[in-house]
Amino acid sequence: MAVENIFAEILGRVRRAVEALGVAGALPVGLDLSRITVEPPRDAAHGDMATNAAMVLAKDAGRKPRELADAIAEELRADDLIDGVEIAGPGFINLTLKPAAWLDALRTAVRSGTRYGASDVGHDIPVNVEYVSANPTGPLHVGHGRGAVFGDALANLLAFAGFKVTREYYINDAGAQVDVLARSAYLRYREALGQDIGAIPEGLYPGDYLKPVGELIAKTFGETLKNSPELEGLAVVRTIALENMMIAIRNDLAALGISQDRFFYERTLIFQEELGANSIDRVARTIDWLRERGFVYQGRLPPPKGAPIEDWEDREQTLFRSTQFGDDVDRPLMKSDGSYTYFASDIAYHADKIGRGFRTLIDVWGADHGGYIKRMRAAVRALSDAKVELDVKLIQLVKLLRAGEPVKMSKRAGDFVTLREVVDEVGRDAVRFMMLYRKNDAPLDFDLAKVIEQSRDNPVFYVQYGHARGQSVFRNAREVFRDLPRDIAELADEAELGRLSDPAELSLMRRIAMYPRVVEAAAQAHEPHRIAFYLYDLASEFHALWTLGNAAPHLRFIIQDDRQMTAARLVLVKGVVTVLASGLALLGVKAPDEMR
RNA sequence: GCGCUCGUAGCUCAGCUGGAUAGAGCACCAGACUUCGAAUCUGGGGGUCGGGAGUUCGAAUCUCUCCGAGCGCGCCA
């Protein structure tokens, strides 16, 4: 028998037990079983698993929880995986599994390799994860990096859980900021031609990173753009500057091991270059679509209270009826000059995503965009008849420290520390793991000195070291037993896992068995940090077992005169190594064979 | 004024979508290296889960209300 997820398996058995009682007439039929959970109890003394079935069903069944628990327990006692059943507290049913169940879970883990924990709970549902989406006006900073790592890990996680994932980047190339970029690059172009441009004027981007762009333009066009009409020249400059910014951004992302499937240009919503001037404005089309359904109207908004707006003009404008979909006020779609607001093109963009068949949309945003969530969710509801769900994950700020002291801003890059500087200094693994070792909505202190420290205080190191230690056991074991297979996983069948009976060993097996459940929960909650914390706990338990061997030689992994015992232990270590490798892969962090 | 995200040990944070006596790391105290790399491990003290009320078998978790922090608040993106 191969059970992939032991918790899901037992949950299924508990449900069947309840159904059996229903059939037998001991319970009403058709009870809602969805609230039943099976989870490891906090206190191991309560057994391997606990279910709340009796407490959850008591009311609907019209029975007392303890009484109902007795009935369910009686059914479960006959189960071939279950060794003991006890009822405790207000009606918990505590289950102790037969050791074979855990041995089986370990075998499954080892045999499945890095696919262990993968599942099909996503049912191939198409999910779009949009992340980074930084304005292409300069290098990425550390905050962007956190969103990038989060989005990437979440996408990995969802794919692992059986969702069909598209990783996407939305490029705001239609707004005023890109025009500022173009003017800034044009200045650098004149500089490259040898003109004295003086100080960069207020409002333009001062960063040195535009110098190479200016030089590139000068090299490509010579002096021809210098005297061309401004609009025409700027259009050319803008395209080149934009493309070069995007190349730089993609390089920064690549340094973190991130590549996205699709780069969506905002301008393609409005201009279809290949179709010529008569192309359809998809923003207008989307707004019309909403207007036909009564979600868009002409009206007035009250001025916001609190911060008074000096030039407030009470005027009639085009509004989206977002209050009908859970927002606090209706939102404007057009500026006073008649052009569309950013929100309007965002609606069109999300309409495009919906049109591409995604059932779940996940947007990863910086925390300063929090005030935008309600209207965007409202828009997605309106566009999809509430069939598509938008989950917005807000990424909190990153505070850069070095040994506890705030890091000074880099002058070279403008006014921020670039992502690339940080990755170059501490490495991809440290950046990725630390950024995932925190909930997305909690602020993050990122200490450049701490993350390269080799100690328990540095979770990146601690987890990677766990993997390396496991590999080192295999290396040492081969010195003793020359005939070990190249892949320790091949020992899974022959090894007498029943000899692994120390509480620490069994506990480690339980931890390994928990992994598929953690993956599933993390994927459904859109919370990759759970993987990072789980890995830390797993590594911790492994380190502890390792050290037990110091004082108790019979617990060492390698027993010189007992090949069978060694084989069993190696399979256990292989289980640990397998899960660490699998989890680290989800986080996009390397699982090293040795630390250096 | 309104909205969003938060408030858990001295510090930094978890807490498995409502479960049992709230957990780690750091710091502090006391221990374990003729080892399978001690780059680690073991034990200890330390909490009115911001305050209060409610929902129910059961609340750090859900609701309400105060207090406090950060972010945001028609044409910026």
Side-chain angles (χ1 to χ4, degrees), chain A residues 7 35 37 39-43 46 50 52 54-56 58-59 64-66 88-92 94 135 137 172 174-178 266 300-307 309 311-315 317 319 327-329 331-332 334-339 341-343 345-346 366-374 392 394 396-397 437-439 441-445 447 450 453-459 461-462 465 468-469 472-473 475-477 479-480 514 517-518 520-522 524-525 527 529-530 532-534 536-537 540 543-551 553 556-558 594-595:
Chain A
F7 288 90
R35 291 179 59 211
T37 60
E39 47 188 35
R42 209 195 312 272
D43 186 345
H46 290 138
N52 60 358
M55 294 178 289
V56 170
K59 185 172 267 184
K64 287 181 183 160
R66 299 275 308 205
F92 284 103
N94 291 328
N135 288 328
T137 55
N172 296 120
Q177 293 201 21
V178 182
E266 181 185 4
R300 293 171 189 278
L301 281 182
K305 298 195 166 69
I309 297 170
D311 58 346
W312 176 267
E313 178 199 350
D314 185 26
R315 62 182 177 85
Q317 53 187 339
L319 298 170
D327 201 356
D328 308 303
V329 287
R331 304 292 179 176
M334 277 191 175
K335 304 177 194 171
S336 56
D337 67 1
S339 64
T341 58
Y342 178 81
F343 181 46
S345 24
D346 243 0
D368 54 343
H369 288 62
Y372 212 74
I373 296 179
K374 280 193 178 183
V392 178
L394 289 185
Q396 270 293 348
L397 298 178
Y437 196 66
R438 188 116 316 176
K439 274 184 305 198
D441 52 14
L444 169 65
D445 288 352
D447 196 312
K450 184 68 81 186
E453 205 173 89
Q454 300 204 331
S455 75
R456 171 162 201 166
D457 193 22
N458 175 11
F461 164 77
Y462 190 71
Y465 180 43
R469 264 192 154 174
S472 116
V473 172
R475 283 193 296 271
N476 290 322
E479 295 296 316
V480 180
M514 227 179 267
R517 183 173 177 274
V518 171
E520 195 177 313
Q524 270 161 357
E527 290 183 349
H529 77 273
R530 294 192 196 186
F533 280 95
Y534 168 84
Y536 185 87
D537 289 341
S540 176
H543 287 310
L545 178 60
W546 177 294
T547 309
L548 278 185
N550 282 343
R556 294 183 180 185
F557 299 121
I558 298 168
E594 54 187 337
M595 305 302 285

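Predicted model, so just to flag it, every value in this text is computed and none were measured.
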I need the [atom1]-[atom2] distance between [X] and [N], as an integer number of Å.
| X | N | atom1 | atom2 | answer |
| --- | --- | --- | --- | --- |
| Y534(A) | rA24(B) | OH | C1' | 16 Å |
| L319(A) | rG74(B) | CG | P | 14 Å |
| I373(A) | rC71(B) | CD1 | P | 16 Å |
| D43(A) | rU21(B) | CG | P | 10 Å |
| D328(A) | rC4(B) | CG | P | 6 Å |
| W546(A) | rA38(B) | CH2 | C1' | 11 Å |
| F343(A) | rG74(B) | CZ | C1' | 13 Å |
| Y465(A) | rC41(B) | OH | P | 9 Å |

Decide yes or no for [X] and [Y]: does some side-chain heavy atom of the first lie under 4.5 Å from some side-chain heavy atom of the second?
| X | Y | value |
| --- | --- | --- |
| D346(A) | Y372(A) | yes |
| R469(A) | W546(A) | yes |
| Y342(A) | N172(A) | yes |

(request) Classify the side-chain pair S455(A)/D457(A) by whether it contains a donor and acceptor separated by less than 3.5 Å. (result) no

Between [options], which nucleotide gets closest to the side-chain atoms of [X]?
| X | options | answer |
| --- | --- | --- |
| K374(A) | rU42(B), rG3(B), rA77(B) | rG3(B) |
| N172(A) | rC4(B), rG74(B), rA77(B) | rA77(B) |
| N550(A) | rU40(B), rA38(B), rC4(B) | rA38(B) |
| N135(A) | rG25(B), rU5(B), rA77(B) | rA77(B) |

(request) With RNA chain B as reference, determine whether P443(A) or N476(A) sits nearer its 5' end, using the nearest nucleotide of each. (result) P443(A)

(request) With RNA chain B as reference, determine whether Y342(A) or G549(A) sits nearer its 5' end, using the nearest nucleotide of each. (result) G549(A)

What nucleic acid atoms does [X] come within less than 4.0 Å of, heavy atoms only: base, sugar-phosphate, or nothing?
| X | result |
| --- | --- |
| N94(A) | base |
| G175(A) | sugar-phosphate |
| A468(A) | nothing |
| Y462(A) | sugar-phosphate |
| D368(A) | sugar-phosphate |
| P553(A) | nothing |

(request) For E39(A) and R517(A), work out which heavy atoms get closest and say how close. (result) CB-NH2, 3.0 Å

(message) Tell me the closest heavy-atom pair linking K335(A) and R315(A), and the distance in Å.
(response) C-NH2, 3.9 Å

Is the side chain of [X] donor-acceptor paired with the backbone N or O of [Y] at a distance under 3.5 Å, no angle test?
| X | Y | value |
| --- | --- | --- |
| D441(A) | L394(A) | no |
| R456(A) | F461(A) | no |
| N458(A) | Q454(A) | no |

Distance check: side-chain N/O of [X] vs OP1/OP2 of [N], anything under 4.0 Å?
| X | N | result |
| --- | --- | --- |
| R456(A) | rC26(B) | no |
| K450(A) | rC13(B) | no |
| K64(A) | rC57(B) | no |

Shorter than 3.5 Å, N or O on both sides, protein versus nucleotides 14-19 of chain B: list them out with atom names.
| residue | atom | partner | partner atom | Å |
| --- | --- | --- | --- | --- |
| rA14(B) | OP1 | K439(A) | N | 3.1 |
| rG15(B) | OP1 | H529(A) | NE2 | 2.9 |
| rG15(B) | OP2 | K439(A) | NZ | 3.4 |
| rC16(B) | O2 | R517(A) | NH1 | 2.8 |
| rU17(B) | O4 | Q524(A) | O | 3.3 |

Take atom [atom1] in [N] and the same atom in [M], then report the distance between them in whole Å.
| N | M | atom1 | answer |
| --- | --- | --- | --- |
| rC57(B) | rC13(B) | C1' | 32 Å |
| rC33(B) | rA38(B) | C1' | 5 Å |
| rU35(B) | rU40(B) | C1' | 11 Å |
| rU65(B) | rU21(B) | P | 30 Å |
| rU55(B) | rC64(B) | P | 15 Å |
| rG50(B) | rU12(B) | P | 14 Å |
| rG46(B) | rU63(B) | P | 34 Å |
| rG51(B) | rU61(B) | P | 10 Å |

(message) Students often mix this up, so state it plainly: with edges at 30° and 60°, are the rings of Y437(A) and F533(A) parallel, tilted or perpendicular?
(response) parallel

(message) Would you say the base of rG74(B) stacks on W312(A) (centre-to-centre below 5.5 Å, plane angle below 30°)?
(response) yes

(message) side chain to side chain contact (heavy atoms under 4.5 Å, CB included), that's the test. Do H543(A) and S540(A) meet it? Break it down for me.
(response) CA-CA 5 Å; H543(A) 287 310; S540(A) 176; 5.6 Å; no

(message) Run through RNA chain B and report every stem of 3 or more consecutive Watson-Crick or G-U pairs, distances under 3.5 Å, ordered by first number.
(response) B:1-7 with B:67-73, B:10-13 with B:23-26, B:28-32 with B:40-44, B:50-54 with B:62-66

(request) Sequence neighbours left out, what passes side chain to side chain donor-acceptor pair (under 3.5 Å) with D327(A)? Give chain and number order. (result) S322(A), R331(A)

